[in-house]
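Let me begin by presenting the structure, written as structure tokens, before commenting on it.
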Amino acid sequence: MKPNEYDVAIIGSGIGGLCSAALLSHRGYKVILVETLERLGGRFSSTEYEGFKITTGALGIPTKGIVEDIYRQVGADFDVTDVSKSSLWIDGNWYEIPLKGQTSFLLSIVDAIGEEKTKLIGRFAQRVAVEKIKSAFRQGAEHGKPIDDRLSFRDWLKQYTDNERVLQVFATLTSAISTVNDFEYPAAHWFAYISKRGQGGLTNYGCATHGNIVLAKSLAEVVAAKRGDVWTNCLAKRIVVKNGSVAGIVVERNDKDTELSCKVVISDVGPKRTIELADSENFDTDYLAEARSLKATSIVVSMVASDKPLFDNKCAMLIAGARRIVAGFPVSNVCPELAPSGQHLLHLWGTPASCSRKMDVEEEIRQNVEDIKEVFPEFEKHGRILKMETHDIDDEFPAMRSWMGYDLKQETPVNGLYNVGDGVKPFGWEGLAACAQGAKLVVDNITKRVKPA
Ligand SMILES: Cc1cc2nc3c(=O)[nH]c(=O)nc-3n(C[C@H](O)[C@H](O)[C@H](O)COP(=O)(O)OP(=O)(O)OC[C@H]3O[C@@H](n4cnc5c(N)ncnc54)[C@H](O)[C@@H]3O)c2cc1C
């Protein structure tokens with residue numbers, strides 16, 4: 001093959017692009033991965049900030065599922081510190097939640113609340129309520145009738161309980177998983193998620209020991225080691241389509257445009273941007289309408305530095321009944337290398353009042369800060385806001401490019417053109433695991449259709 005000829009060109013080095021590139025290289029394809037930024041990884045990367053190593057997006061890395069599988073398959077180093085438990089904050093108290101199977105994990109939260117409430121309202125009534133919710137969950141997650149797609153998760157749950165604390169706990173879980181509020185999110189999609197066993201994430205996860213950038217680089221190294229190329233600071237400007245099929249991409253590198261020829265293009269820049277790159281003329285009207293209707297999700301991230309840990313455990317935090325914050329992670333308790341010596345780092349995630357419209361940034365930040373003061377009483381004495389970030393629905397990097405369950409397919413109407421990433425998540429999958437699973441499906445499809453040159 002000539003220098004500018006490849007089997008597959010991949011645009012964007014997010015987790016979807018990186019997994020695709022590493023898997024294809026491992027299977028003998030000549031691959032080029034182009035990334036417009038200097039840094040690899042997209043929302044699966046990390047940067048230095050005032051001596052802290054902070055993530056550009058994801059922090060909880062799913063372990064014992066598809067993400068780790070891909071690393072193992074391609075022989076890349078998976079440097080993740082496992083976290084084995086979770087804590088739930090509600091009404092000013094922390095409860096430890098053992099990590100078991102996904103459904104049991106959720107049910108054990110109901111149990112934890114049940115036991116506490118038993119002291120107040122009597123054992124029998126509470127037992128009945130807990131059993132009713134448990135059985136509803138088993139039906140929803142395992143062998144129940146299909147749930148009406150229009151029923152929100154909150155309305156589904158209200159059929160079984162009006163206990164405000166139970167509703168708060170599951171509102172938190174819904175937002176923590178899907179980055180959408182429980183009253184906006186369809187119950188059917190929620191159960192599709194918890195019944196998917198392969199993805200890890202809710203019960204098996206960890207934190208990149210030395211930052212996500214190390215994990216991103218380790219997949220890129222697989223490409224470089226197998227006759228492929230990884231070009232950073234390289235913008236893909238156009239996807240070349242001839243007679244309905246992909247023929248190459250045009251990239252700008254060192255102020256010069258270059259055309260690279262290839263049989264297949266995988267785009268990790270989101271379906272809408274992919275259409276712009278390949279020219280909307282090459283897509284049918286139904287596909288264009290579907291792409292236009294994609295709606296992204298939003299999130300507010302608070303990075304809190306402190307001179308003593310504001311939370312003592314080494315586990316993920318679920319925060320129920322607060323104004324906005326739904327989850328957190330005591331980064332430096334788990335991975336001390338990510339904070340300068342003598343300092344501590346806590347990440348907190350808040351779901352905006354609504355994920356259906358642009359957020360009121362000032363108000364969202366104010367509400368998140370109020371939550372921090374309430375949940376971590378020592379914040380005002382020992383902590384400070386290191387950085388707050390908002391990822392809004394129309395930002396280049398939203399929380400997710402599509403609500404879970406409303407994604408586009410990975411295949412496009414253009415022959416040889418695929419999307420990966422969180423705008424094309426397989427049904428029932430979420431976050432990094434979804435992007436990795438999507439990449440695997442695309443690579444399996446390519447392997448069947450195109451032989452390496
Ligand atoms: C704050 C936050 C917290 C999150 N927390 C978690 C979590 O804890 N666990 C979890 O599983 N998920 C989490 N997620 C979701 C997860 O980070 C994303 O779903 C995932 O990283 C998206 O990856 P992607 O493959 O879609 O690519 P992206 O990360 O979107 O990367 C796309 C890449 O393409 C590049 N690019 C764009 N245009 C071009 C072009 N024309 N030419 C070349 N390159 C281009 C971009 O620079 C970028 O690097 C979080 C997301 C956010 C924002």
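We count residues from 1, following the sequence as given. Each ligand, and each atom within it, is numbered from 1 in the order the structure gives. The structure displayed is predicted, hence computed values, not measured ones.
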Ignoring hydrogens, what is the shortest heavy-atom contact between [X] and [Y]? Give both atom names and the distance.
X: Cys234; Y: Val251; answer: SG-CB, 3.6 Å
X: Trp403; Y: Thr297; answer: CD1-CG2, 3.4 Å
X: Cys435; Y: Ile15; answer: CB-CG2, 3.4 Å

For [atom], which candidate among [options] provides the closest heavy atom?
atom: atom 33 (C) of ligand 1; options: Glu396, Glu35, Lys425, Lys237; answer: Glu35
atom: atom 3 (C) of ligand 1; options: Ala433, Ser13, Gly57; answer: Gly57
atom: atom 16 (C) of ligand 1; options: Thr297, Asp395, Leu432; answer: Leu432
atom: atom 8 (O) of ligand 1; options: Gly12, Gly14, Gly60; answer: Gly60

Exercise for review: Would you mind telling me if ligand 1 is within reach of the side chain of Glu389, the backbone, both or neither, using heavy atoms under 4.0 Å?
Suggested key: neither

A quick test of your reading: do over 12 heavy atoms of other residues, nucleotides or ligands sit less than 6.0 Å from [atom1] of [X]?
X: Lys263; atom1: NZ; value: yes
X: Lys409; atom1: NZ; value: no
X: Glu48; atom1: CD; value: yes

Nearest to [atom], what protein heavy atom do you find, and at what distance?
atom: atom 24 (P) of ligand 1; value: Asp268 OD1, 3.3 Å
atom: atom 23 (O) of ligand 1; value: Ile15 CG2, 3.5 Å
atom: atom 51 (C) of ligand 1; value: Ala399 O, 3.5 Å
atom: atom 44 (N) of ligand 1; value: Thr36 N, 3.1 Å
atom: atom 6 (C) of ligand 1; value: Ala58 CA, 3.3 Å
atom: atom 42 (N) of ligand 1; value: Ala236 N, 3.0 Å

What atoms of ligand 1 come closer than 4.0 angstrom to any heavy atom of [X]?
X: Val301; result: 1 (C)
X: Ile299; result: 1 (C)
X: Val34; result: 43 (C), 44 (N)
X: Arg401; result: 26 (O), 30 (O)
X: Gly421; result: 24 (P), 25 (O), 26 (O)
X: Leu37; result: 47 (O)
X: Ile11; result: 40 (C), 42 (N), 43 (C)
X: Cys234; result: 43 (C)

Is [X] in polar range of ligand 1, meaning some N or O pair under 3.5 Å apart?
X: Val269; value: no
X: Thr56; value: no
X: Arg43; value: yes
X: Asp422; value: yes
X: Gly16; value: yes
X: Glu430; value: no

Could you check whether [X] pairs with [Y] (Lys NZ or Arg NE/NH1/NH2 to Asp/Glu carboxylate O, under 4.0 Å)?
X: Arg273; Y: Glu396; value: yes
X: Asp69; Y: Lys440; value: no
X: Arg27; Y: Asp444; value: yes
X: Arg238; Y: Asp257; value: no

Check your understanding: Should the ring pair Tyr205 and Phe329 be called parallel, tilted or perpendicular, given that the plane angle runs from 0 to 90° and is split at 30 and 60?
Key -> perpendicular

Check your understanding: Relative to the ring of Trp231, is the ring of Tyr6 parallel (under 30°), tilted (30 to 60°) or perpendicular (over 60°)?
Key -> perpendicular

Review point. Would you say Val420 contacts ligand 1, with heavy atoms under 4.0 Å as the rule?
Key: no

Review point. Can Pro398 be said to touch ligand 1, with heavy atoms closer than 4.0 Å?
Key: yes

Practice item. Evaluate side-chain hydrogen bond (donor to acceptor under 3.5 Å, both in side chains) for Thr47 paired with Arg39, printing each intermediate quantity in order. Key: CA-CA 9 Å; Thr47 53; Arg39 185 189 64 228; 5.2 Å; no

Review point. Can you tell me if Asp79 and Thr209 form a side-chain donor-acceptor pair at under 3.5 Å?
Key: yes

Review point. Between Glu184 and Ser354, does any side-chain donor sit less than 3.5 Å from a side-chain acceptor?
Key: yes

Check your understanding: Is there a donor-acceptor pair under 3.5 Å between the side chain of Thr174 and the backbone N or O of Asn181?
Key -> no

